[in-house]
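What follows is a short report on a single structure.
Ligands are counted one by one from 1 in listed order, and the atoms in each one are counted from 1 as well. The residues of the chain are indexed from 1 along the displayed sequence.
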Amino acid sequence: MKICFFGVGGVGGYFGALVTKKFGEKHDIFFVARGPHEDTINSQGLTLKKSGGEELINVSPKLCTNNVGDLPICDIIVLLVKAYDLESAIAEIAKISNEETVILPLLNGVDIYEKIRSQLDTGVVFPSCIYVGTHIESPGVIYQKGGSCKISLGKDPMYPEFYPRALLSLLNDSSINFNWENPVQISIWSKYMFIAAFGLVTAAYGKTLGEVLDSPELSELTKSIMNEVEEIAKKLDINLDNDIVETSLSKAKGFPYEAKTSFQRDVELKGEINEGDLFGGTLIRYGKELNVTTPNTEIVYTRLLNK
Ligand SMILES: NC(=O)C1=CN([C@@H]2O[C@H](COP(=O)(O)OP(=O)(O)OC[C@H]3O[C@@H](n4cnc5c(N)ncnc54)[C@H](O)[C@@H]3O)[C@@H](O)[C@H]2O)C=CC1
Ligand SMILES: CC(C)(CO)C(=O)C(=O)O
């Protein structure tokens with residue numbers, strides 16, 4: 001098979017390394033990366049420091065490039081860019097997909113499938129979500145620690161009969177945990193509640209997940225944003241568990257004290273280029289459309305915009 005990891009940053013590098021370690025000889029595996037990261041992968045391979053460096057994995061794909069013109073039509077594309085790069089990435093993956101290509105986008109967000117489908121009518125696209133703490137430590141090097149590392153994915157509403165046997169075998173045989181869930185929207189919204197609330201608060205106040213949990217005020221603020229997400233989900237008939245807010249708060253304990261959210265890292269590193277709209281902007285828009293008040297999201301998002 002021809003398999004492309006489009007975007008081998010934190011999440012893409014983690015999964016790209018695991019699949020290439022197992023299947024680099026058997027399948028043609030391609031990485032799409034850019035800048036110094038691309039150069040280092042080409043000269044020294046991609047290194048994954050798994051579980052905080054307990055396991056070191058170094059892999060070389062068949063090709064690492066920033067130009068999809070170098071790639072064939074692929075059987076499987078795992079899409080791992082930030083939301084602000086999604087539109088341009090979809091335009092690129094359209095060039096390496098046909099109607100049989102299986103596309104797995106692992107971005108955070110509740111409307112990623114719809115965003116992809118508004119631009120791409122080919123391929124089979126599986127809505128999904130993932131809990132994993134991972135980032136680019138230095139060019140060519142990915143550091144992962146924390147999170148269940150389990151993917152939840154469900155059927156493509158456009159092709160409800162299509163069961164992605166090859167993709168699921170690939171994950172299974174690469175020792176990647178996954179749940180095939182239908183409907184998967186409950187997991188996607190539960191993950192969104194977790195990351196929108198913790199992402200906004202960690203980024204706005206410059207605190208790690210552990211520091212937020214330690215602070216009664218910031219924990220309460222995180223919980224209030226989760227309550228707003230819960231109200232929005234109710235209006236959309238997404239049946240989240242009754243104790244979803246409590247379980248989402250406790251999930252943060254599964255990450256190291258010093259763990260930062262990917263959104264917080266972007267805010268620290270790049271200022272204005274970040275996934276703020278995916279979290280704050282989207283929640284405020286949903287609130288207006290559905291008549292749900294979102295005062296806590298607004299306070300934190302405004303603080304971020306004024307940073
Ligand atoms: N990092 C984490 O722990 C988690 C992140 N997520 C979500 O996963 C998604 C990806 O996040 P990360 O892996 O942290 O992002 P990242 O920023 O580490 O990686 C994305 C990579 O894609 C590359 N890229 C984007 N467009 C490209 C193009 N056209 N050509 C070549 N390279 C391109 C970027 O240069 C970057 O290296 C986000 O939606 C994030 O919210 C979800 C769960 C955990
Ligand atoms: C689960 C978590 C918090 C992992 O870091 C995440 O999704 C993110 O940082 O985007």
Query raised in the report: Any idea which protein heavy atom is nearest atom 9 (O) of ligand 2, and the distance to it?
Result: Ser262 N, 2.7 Å
Report summary line: The option among Arg265, Lys260, Lys191 carrying the non-hydrogen atom nearest to atom 43 (C) of ligand 1 is Lys191
**Report entry** Among Val68, Leu80, Leu86, Asn108, closest by any non-hydrogen atom to atom 7 (C) of ligand 1
**Finding:** Asn108
Query - 4.0 Å heavy-atom contact, Ala89 with ligand 1 - result: no
Report task. Using a strict 4.0 Å threshold on nitrogen-to-oxygen distance, state whether Arg117 and Asp156 make a salt bridge. Result -> yes
Report task. If you have a sec, work out which protein heavy atom is nearest atom 1 (C) of ligand 2 and how many Å separate them, to one decimal? Result -> Phe255 CZ, 3.5 Å
Report task. Examine ligand 2 and decide if any of its atoms is less than 4.0 Å from a heavy atom belonging to Arg265. Result -> no
Requested in this report: For ligand 2, find out whether one of its N or O atoms is nearer than 3.5 Å to an N or O atom of Asn108.
Outcome: yes
Requested in this report: Would you kindly specify which portion of Leu107 sits under 4.0 Å from ligand 1, judged on non-hydrogen atoms: side chain, backbone, both or neither?
Outcome: both
Requested in this report: Using distance alone, with no hydrogens and no angle criterion, decide if Glu228 and Asn296 have a side-chain donor and acceptor under 3.5 Å apart.
Outcome: yes
**Report entry** Check: Tyr131 N/O within less than 3.5 Å of ligand 2 N/O
**Finding:** no
**Report entry** Nearest neighbour in protein (non-hydrogen) for atom 6 (C) of ligand 2
**Finding:** Ile195 CD1, 3.5 Å
Query raised in the report: If you measure from each heavy atom of Phe263 to ligand 2, is any distance below 4.0 Å?
Result: no
Report summary line: Heavy-atom proximity to atom 14 (O) of ligand 1 ranks first, among His37, Lys82, His135, Glu38, for Lys82
Query raised in the report: Taking the non-hydrogen atoms of Val32, is any one of them nearer than 4.0 angstrom to ligand 1?
Result: yes
Report task. Would you mind checking if Lys223 and Glu246 are paired as a salt bridge, meaning a charged N to carboxylate O distance below 4.0 Å? Result -> yes
